[in-house]
Amino acid sequence: MSGTPPLVTPTAPQVGRHMNRLESVAKVTGTADYTHNVELPRMLHAKIVRSPHAHARILGIDTQNAAAMRGVVQVVTARDVLRLIPDPHYGPAFHDQPILAIDKVRHVGEPVAVVLANTPHEAEAAAGLVNVDYERLPAVFDEVEAATSTVLVHDTLKPAGTFPDLKHLAGRKGTNVALDFHLRHGNVEAAFANAAHVFDHTFKTQQVMHVPMEPMVTVAEPQDRGVLIHTASQSPSFVRIEIARLLGWQENQVQVKTRLLGGGFGAKLYIKLEALAVALALIARRPVKVALTMEEQFYTITKHATTFRIRSAVDADGRIVGRDCQVHWNGGAYADIGPRVTQKSGFTAGGPYDIDNLSIDSFQIYTHLPPAGAFRGFGITQMVWGYECQADLIARSIGMDPVEFRRRNLLVDGRPHATGTVMKDAALRLVLDRVAERMRWQEPMDRGSGTVRRGRGIGLGFKALVAPTTSVATVTLGGDGSCMLLISTVDMGQGSNTAMAMVAADVLGLAAENIRVVFPDTDVTPYDMATLGSRSTFHMGNAVKLAAQDVLVKLQALADELGQPFTGATQAGALLRKKFGMPAGTVVGTGSFMPPYQSPDADGRSPEITPNWMIGGTGVEVEVDTETGHFRLLRIENVVDCGTPLNPKVVASQISGAAIMQLGMTHLEKMEFDSEGQLRNASFSEYKIPGLLDVPEHFGCEAVDAQQGTGPYGAKGLGESGCFGVSSAIAEAIHDAVGVRILSLPITPEAVFRALAEQRGTPLTD
């Protein structure tokens with residue numbers, strides 16, 4: 001057959017090869033399959049009518065003019081949804097988010113009604129004619145103010161109870177606190193009382209958006225006995241579970257199919273458009289496509305803004321002996337997975353340091369802003385920004401080199417983290433030392449002259465892998481010996497299909513190019529919790545390895561049954577032909593993986609709070625114009641511990657992608673809200689992400705020589721580690737250059753200019 005790739009004969013182990021991604025040719029030739037390509041007979045297009053207010057009571061909705069428009073089939077409101085689904089609230093942590101607003105809206109941009117039409121243009125034109133009457137209500141936007149405000153976002157909360165690590169959720173009745181996590185270790189009060197130095201700083205981060213290049217899209221198609229959902233989702237298994245729960249159906253009545261994703265970064269997790277698309281399709285009894293514009297994504301899910309107060313007690317030798325952390329996470333109007341971010345990242349707020357006395361309070365707060373949830377780094381970048389900025393400020397204050405200060409305080413393998421979980425296979429010191437070496441830290445640097453000054457900084461962060469979660473894989477060998485890998489891990493650009501094929505191929509003695517990886521389809525591919533938090537390499541990699549080993553066990557049994565010597569998976573076709581007399585039959589191997597986990601106790605402690613730690617460090621050199629506050633990155637060095645890379649060819653691109661994304665959070669990106677919660681910059685004309693000119697010419701990436709003992713072939717996740725230390729390293733480099741410290745992200749030229757003016761004793765007035 002013309003164009004069919006030839007079979008590849010393996011000549012060496014597959015894991016560790018520098019391998020091109022399996023989908024690379026399809027992507028560069030434009031034949032790659034995305035959900036936006038889905039077109040179905042009689043398919044309707046949806047356009048959402050959104051709230052212009054942050055908090056308001058819905059008094060009435062007039063759909064008459066919109067319904068009369070040419071091409072409009074139906075205008076749907078919450079009243080229609082309630083006839084279909086008596087309780088249309090969803091969410092992975094709390095069932096708090098309605099499919100369409102019921103009685104109230106809780107943030108600007110919340111969906112209130114939907115126009116269904118034959119074309120997207122007809123739907124959009126009609127949506128502007130839907131008239132909604134509102135009674136505006138007081139709103140609260142700041143996460144610290146909202147924690148004690150009497151203006152409530154939700155009067156009652158219903159915990160979802162889906163995930164084991166969130167089963168304790170209840171929320172605080174009569175408040176906007178969705179979750180408060182606390183960790184207590186040692187005697188913090190005594191540590192501060194006896195300290196040689198005490199430091200107290202507050203650091204803030206801003207609300208930003210994921211901006212995947214492929215906007216969110218879902219197509220729902222009614223079936224004879226259920227519904228088929230085509231969706232750009234990172235969590236097809238969860239979508240199936242949650243849609244079945246909403247409808248009161250069995251899971252086998254809901255089929256979810258994904259294709260390649262054009263980026264996700266956490267934006268396409270759990271339920272986003274799927275519940276709405278399904279409700280619309282079942283109401284209209286026709287396929288419905290809900291495709292967001294880039295602007296609409298800003299109102300759907302964001303990254304948490306945070307306020308992080310961190311107090312540290314330091315002894316005369318430069319050791320951190322006590323630390324008190326207070327973190328407020330701005331969760332927006334609906335919790336999404338924010339409570340898990342609050343807990344999982346909250347317990348790392350003390351940093352990768354060996355601190356005998358530690359107190360952490362981490363609060364997920366409801367506000368009247370667009371919802372916040374998972375975002376690349378899963379809250380870790382907000383924590384690293386705070387504890388690494390303070391590490392630099394402490395080192396400066398006590399006259400110690402910042403790298404030496406970190407070395408003196410780092411956790412090492414064999415020592416327990418403050419949670420009580422012993423550090424294992426966490427190359428913190430190796431990563432720190434390698435960043436310093438790449439930065440030539442011990443050598444003098446050119447500090448510049450005149451109005452342009454140069455400085456450098458280093459940042460180091462770590463992240464606990466999310467747990468407990470489960471992955472299941474299936475490997476099949478057909479009658480001709482060909483191999484298929486069935487997994488629900490979603491490839492959204494990180495190269496997971498290729499990595500998982502390499503794992504299976506290595507076990508089976510095949511070439512990874514010869515293994516077909518099936519796109520997630522919940523009727524075919526087995527359960528996977530989700531593609532998030534750099535969990536896939538570790539969890540699904542282990543599951544795939546077990547499934548491939550199960551195939552070998554079954555082939556051995558078949559060979560024994562036939563009285564044949566067993567020589568490996570390449571013998572499968574011959575064995576099946578001998579058994580069935582023709583190319584027939586299938587050998588199926590399955591593997592399930594869930595690492596050990598123990599829920600934290602009342603003090604936030606657990607001996608098994610995570611199965612592994614991801615490490616990332618960054619060094620930066622900048623130059624700053626003291627007359628304007630403008631700064632330019634001259635050099636960035638990114639080093640990570642990802643264990644042993646499965647596919648070394650993708651390492652540099654994964655590290656650089658994470659680092660560049662965090663560059664945007666550091667000095668460009670911020671969702672600008674006015675005093676009434678209106679978003680001013682929901683477009684690429686005003687909301688800027690990094691381009692090529694924002695990336696320094698000298699951009700280094702490296703994975704240290706390390707191994708994760710419990711990972712598949714020594715591997716663990718990679719996709720987030722490159723973003724950890726970027727922001728604090730830039731802040732320190734600016735401080736090193738011109739002597740001013742920026743405490744809030746983003747770091748803009750204006751912020752630097754104002755700080756320089758204040759340093760000179762001539763502060764600017766607004």
Side-chain angles (χ1 to χ4, degrees), residues 35 90-97 160 162-163 165-166 208-218 229-243 245-246 256-278 290 292 296-304 329 331-345 364 370-381 463 465-471 487-494 496 520 522 527-536 539-540 661 717 719-720:
T35 301
Y90 60 88
F94 291 97
H95 294 154
D96 59 358
Q97 188 161 0
T162 305
F163 297 111
D165 59 321
L166 298 178
V208 299
M209 217 288 280
H210 308 67
V211 287
M213 291 296 100
E214 175 205 35
M216 299 174 191
V217 58
T218 299
I229 306 167
H230 309 266
T231 185
S233 172
Q234 297 173 231
S235 48
S237 295
F238 181 86
V239 169
R240 180 187 218 181
I241 291 169
E242 188 72 340
I243 295 299
R245 181 195 65 79
L246 277 167
V256 182
K257 300 176 75 170
T258 73
R259 293 156 172 81
L260 292 169
L261 266 62
F265 316 115
K268 298 171 182 175
L269 278 167
Y270 307 108
I271 296 291
K272 291 299 178 284
L273 306 182
E274 294 85 4
L276 175 60
V278 167
V290 184
L292 298 192
E296 288 180 294
Q297 292 191 117
F298 284 85
Y299 301 109
T300 305
I301 194 69
T302 67
K303 179 180 183 178
H304 290 83
W329 304 80
Y334 300 106
D336 199 81
I337 201 60
R340 177 178 279 159
V341 176
T342 302
Q343 176 175 306
K344 302 296 186 186
S345 294
Q364 171 79 10
F375 190 105
R376 193 175 200 166
F378 210 69
I380 292 300
T381 56
K463 178 179 185 288
L465 184 64
V466 61
T469 67
T470 302
S471 290
I487 54 175
S488 290
T489 299
V490 179
D491 198 318
M492 51 186 175
Q494 80 278 33
S496 58
T522 57
Y527 175 88
D528 183 43
M529 177 263 189
T531 306
L532 59 82
S534 302
R535 64 174 294 278
S536 297
H539 288 80
M540 188 56 78
M661 194 168 188
E720 298 171 297

Task: For the student: nearest non-hydrogen atoms of His95 and Ala160, plus distance - done: NE2-CB, 3.5 Å
Which pairs of donor and acceptor atoms, one on a side chain in residues 266-276, lie under 3.5 Å apart (sequence neighbours left out)?
residue: Lys268; atom: NZ; partner: Glu214; partner atom: O; Å: 2.7
residue: Lys268; atom: NZ; partner: Glu214; partner atom: OE1; Å: 2.7
residue: Lys268; atom: NZ; partner: Gly263; partner atom: O; Å: 2.8
residue: Tyr270; atom: OH; partner: Arg340; partner atom: NH1; Å: 3.1
residue: Lys272; atom: NZ; partner: Leu269; partner atom: O; Å: 2.6
residue: Lys272; atom: NZ; partner: Asp336; partner atom: OD1; Å: 2.9
residue: Glu274; atom: OE1; partner: Lys272; partner atom: N; Å: 2.8
residue: Glu274; atom: OE2; partner: Thr231; partner atom: OG1; Å: 2.7

Task: Between NE2 on residue His539 and OG on residue Ser471, distance to nearest 0.5 Å - done: 6.0 Å
- [ ] For Thr258 and Ala232, indicate whether the former's side chain and the latter's backbone hold a donor-acceptor pair under 3.5 Å.
- [x] no
Open item on the list: Under a 3.5 Å distance rule, please check whether Arg240 uses its side chain to pair with a backbone N or O of Thr522 as donor and acceptor.
Closed with: yes
TODO: Answer yes or no: is there a side-chain heavy-atom contact under 4.5 Å between Tyr90 and Arg245?
DONE: yes
Task: Nearest heavy atoms of Glu720 and Phe378, plus distance in Å - done: OE2-N, 3.8 Å
Open item on the list: Please report the interatomic distance CG(Leu532) to OG1(Thr469), rounded to the nearest 0.5 Å.
Closed with: 7.5 Å
TODO: Indicate whether any N or O donor in one side chain lies under 3.5 Å from an N or O acceptor in the other, for Lys303 and Thr381.
DONE: yes
TODO: On the 0 to 90° scale, with breaks at 30° and 60°, tag the Phe238-Phe163 ring pair as parallel, tilted or perpendicular.
DONE: parallel
Open item on the list: Ile241: which residues meet the side-chain contact (heavy atoms from CB on, under 4.5 Å) condition with it, sequence neighbours left out?
Closed with: Glu251, Tyr527
Open item on the list: How long is the straight-line distance from CZ of Phe298 back to CE of Met209, given to the nearest 0.5 Å?
Closed with: 5.0 Å
- [ ] Please test His210 against Phe375 for ring-ring contact (aromatic ring centres under 6.0 Å, His included), starting from the C-alpha separation and ending with a verdict.
- [x] CA-CA 7 Å; His210 308 67; Phe375 190 105; 4.5 Å; yes
TODO: State, with a plain yes or no, whether a side-chain heavy atom of Arg535 is found less than 4.5 Å away from one of Leu465.
DONE: yes
Task: Pairwise side-chain contact, Thr218 with Thr35, heavy-atom cut-off 4.5 Å (strictly under) - done: no
Task: Heavy-atom pair with the smallest gap, counting every atom of Asp528 and Ser488 - done: CB-CB, 3.8 Å
- [ ] May I ask you to decide if Met216's main-chain N or O and Gln297's side chain share a donor-acceptor pair within less than 3.5 Å?
- [x] yes
Open item on the list: Please find the pair of heavy atoms, one from Thr300 and one from Glu296, that lie closest to each other, and give the distance.
Closed with: OG1-O, 3.0 Å
Open item on the list: What I'd like to find out is whether the side chain of Pro236 reaches to under 4.5 Å of the side chain of Val490, using heavy atoms alone.
Closed with: yes
Task: Nearest heavy atoms of Ala335 and Phe94, plus distance in Å - done: CB-CD1, 3.8 Å
Task: Closest contact, heavy atoms only, Thr489 versus Ser536 - done: CG2-OG, 3.6 Å
